[in-house]
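Throughout, a chain's letter reflects where its sequence line sits, starting with A, and its residues are numbered from 1. Side chains are part of it too, since the values below use all heavy atoms of this structure and drop only hydrogens, waters and symmetry mates.
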2 protein chains.
Amino acid sequence: MEKNVFDDPRITAVGLLVEAHAGLSARFAVQYEEHGLSAVEFEVLMRLARSPGNQLRMTDLAAQTSLSTSGVTRVVDRMERDGLLCRRACPSDRRSSYAVVTPSGLRRLDETLPGHLRIIEQWFTGQLEPEALTAMLDGLRRVRDAVHPGATAGSTDPAPSDEPPSPLA
Amino acid sequence: MEKNVFDDPRITAVGLLVEAHAGLSARFAVQYEEHGLSAVEFEVLMRLARSPGNQLRMTDLAAQTSLSTSGVTRVVDRMERDGLLCRRACPSDRRSSYAVVTPSGLRRLDETLPGHLRIIEQWFTGQLEPEALTAMLDGLRRVRDAVHPGATAGSTDPAPSDEPPSPLA
DNA sequence: GAGCAACTATAGCCACAGCAATATTCCTCG
DNA sequence: CGAGGAATATTGCTGTGGCTATAGTTGCTC
């Protein structure tokens with residue numbers, strides 16, 4: 001009997017992470033759709049709504065999401081067309097424009113958030129006792145801090161902007 | 001001072017999961033690329049290589065990956081064109097075809113796996129002491145079992161096939 | 001002040017994947 | 001045995017997002 005690489009505990013570990021993430025994302029997606037949003041649109045709304053003035057420069061929005069700058073252009077195009085966002089010229093730098101959440105966008109987010117939180121509680125945080133939950137979250141935080149999303153390549157100290165790279169946590 | 005929804009611990013929790021996953025996936029992606037593979041191609045190779053006969057019916061491959069059946073058709077097209085896979089007619093059911101890993105595909109996987117494992121260890125499993133790691137993995141397993149990837153909608157008992165739905169863990 | 005590099009947003013082009021439609025094959029029931 | 005329905009793989013169409021080029025803007029250097 002030869003050793004089977006596929007049973008390697010490291011493979012198992014990433015499998016758990018990937019499948020937990022995928023399953024949760026799928027749950028989120030169906031709930032987003034109930035409110036006419038996609039996952040990226042929801043994330044954009046969240047990032048903007050938590051920013052001062054409900055707005056963010058396109059570049060900063062790209063840095064905070066998993067999108068490229070051109071990707072942000074397209075998403076903002078769609079969401080502006082749908083009335084959730086609008087563009088605003090940056091007074092101090094004519095290269096930049098702000099994406100601003102409209103009242104309609106804020107309303108949409110308010111409608112979507114309660115169900116979102118309910119899903120998180122039902123399928124994620126509520127699945128574990130408090131100690132187990134904090135243990136898992138501590139582990140995830142350590143991993144997150146290590147891989148540091150935003151520092152994709154092996155740069156020593158990216159510091160892409162003044163904003164904290166991961167304000168979500 | 002009003003309560004800020006964005007500081008809700010549930011939001012923080014999913015943020016950790018999402019960012020840890022995203023960061024790790026990004027690390028994986030650059031290593032895959034060093035060996036001319038994409039993430040889905042690597043996953044396809046893994047799923048096939050661990051299956052008896054290094055083969056799987058297209059539908060079963062779709063069920064085991066995050067792809068739809070048409071998605072599998074395209075991926076297998078590309079990988080067959082690249083010589084990593086080949087199609088084989090199913091003798092017992094002429095509707096089905098097998099995707100079979102070629103020796104070249106197995107070689108590619110063998111070349112890619114060591115670096116993959118190294119990345120997992122460096123950025124994921126190696127970031128935590130053994131007890132913290134198992135605590136986190138136990139939590140992830142509970143969440144994974146709850147959301148049950150493959151049962152996307154609210155069906156009570158999907159049981160899509162005889163195969164275990166998540167052989168990765 | 002002129003020149004030049006860096007930055008910002010966008011548009012063109014392409015790859016990828018999902019949905020729906022289609023063709024073929026299998027199975028079950030009458 | 002035949003008909004109808006389920007299953008399987010594929011293709012067309014579409015939406016999405018990344019990469020690169022481009023145009024406009026800023027700031028730095030000399």
Participant: Starting at the 5' end of DNA chain D, which residue's closest nucleotide do you reach first, A:E41 or B:T69?
Facilitator: B:T69
Participant: Going through the distances and angles, do A:D82 and A:R108 end up as a salt bridge (Lys or Arg N to Asp or Glu O under 4.0 Å)?
Facilitator: CA-CA 11 Å; A:D82 296 347; A:R108 186 79 67 92; over 6 Å; no
Participant: DNA chain C: A:R74 or A:D93, which has the more 5' nearest nucleotide?
Facilitator: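 With A:R74 and A:D93 compared, the 5'-side residue is A:D93.
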Participant: By the 4.0 Å heavy-atom rule, please label A:S66 as base, sugar-phosphate, or nothing.
Facilitator: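 Contact class for A:S66: sugar-phosphate only.
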Participant: Atom CG of A:L85 to atom P of C:dA9: distance rounded to whole Å?
Facilitator: 14 Å
Participant: Verify salt bridge (Lys or Arg N to Asp or Glu O under 4.0 Å) between B:E129 and A:R142, making sure each step is shown before the conclusion.
Facilitator: CA-CA 11 Å; B:E129 315 67 60; A:R142 301 257 298 274; 2.8 Å; yes
Participant: Give, for atom CG of B:L137 and atom CG of B:L133, the distance between the pair rounded to the nearest 0.5 Å.
Facilitator: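 Output value for this atom pair is 4.5 Å.
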Participant: Output the rounded distance in Å from CZ (A:R94) to P (C:dT10).
Facilitator: 16 Å
Participant: For B:S97, answer base if it contacts any base atom (sugar-phosphate contacts may also be present), sugar-phosphate if it contacts only those atoms, and nothing otherwise; contact means non-hydrogen atoms under 4.0 Å.
Facilitator: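 Contact class for B:S97: sugar-phosphate only.
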Participant: Does A:V76 or B:S70 map to a spot on DNA chain C nearer the 5' end, using the closest nucleotide for each?
Facilitator: A:V76
Participant: Could you state the atom-to-atom distance from CD of A:E80 to C1' of C:dA9 in whole Å?
Facilitator: 13 Å
Participant: Would you please test A:R141 and A:D138 for salt bridge (Lys or Arg N to Asp or Glu O under 4.0 Å) and show each step?
Facilitator: CA-CA 5 Å; A:R141 193 178 341 261; A:D138 285 346; 3.8 Å; yes
Participant: CG of A:L67 versus P of D:dC19: gap in Å, rounded?
Facilitator: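 Taking atom P of D:dC19 as the reference, CG of A:L67 is at 11 Å.
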Participant: Of the candidate nucleotides C:dA9, D:dT10, D:dG17, which contains the atom at the shortest distance from the side chain of A:V75?
Facilitator: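 Among C:dA9, D:dT10, D:dG17, the one nearest the side chain of A:V75 is D:dG17.
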Participant: From CE of B:M58 over to P of C:dT25, roughly how many Å is that when rounded to an integer?
Facilitator: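 The answer, rounded to whole Å, is 17 Å.
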Participant: I need the CZ-C1' distance between A:R95 and C:dT8, as an integer number of Å.
Facilitator: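 These atoms are roughly 6 Å apart.
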Participant: In terms of side-chain heavy atoms of A:V40, which of D:dG17, C:dT10, C:dT8 is nearest?
Facilitator: D:dG17
Participant: Report the distance from atom CG of A:D82 to atom P of D:dG15, rounded to the nearest whole Å.
Facilitator: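 From A:D82 CG to D:dG15 P: 13 Å.
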Participant: Centres of the B:F42 and B:H35 rings: under 6.0 Å?
Facilitator: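 Ring centroids of B:F42 and B:H35 are no less than 6.0 Å from each other.
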Participant: Is a donor-acceptor pair below 3.5 Å formed from side chain A:T59 to base C:dC7, judging by atom type as modelled?
Facilitator: no
Participant: Whole-Å distance between D:dT25 C1' and A:R57 CZ?
Facilitator: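 So the CZ-C1' distance, A:R57 to D:dT25, works out to 12 Å.
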Participant: Which part of the nucleic acid does B:S96 contact within heavy-atom distance under 4.0 Å: base, sugar-phosphate only, or nothing?
Facilitator: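 Sugar-phosphate only.
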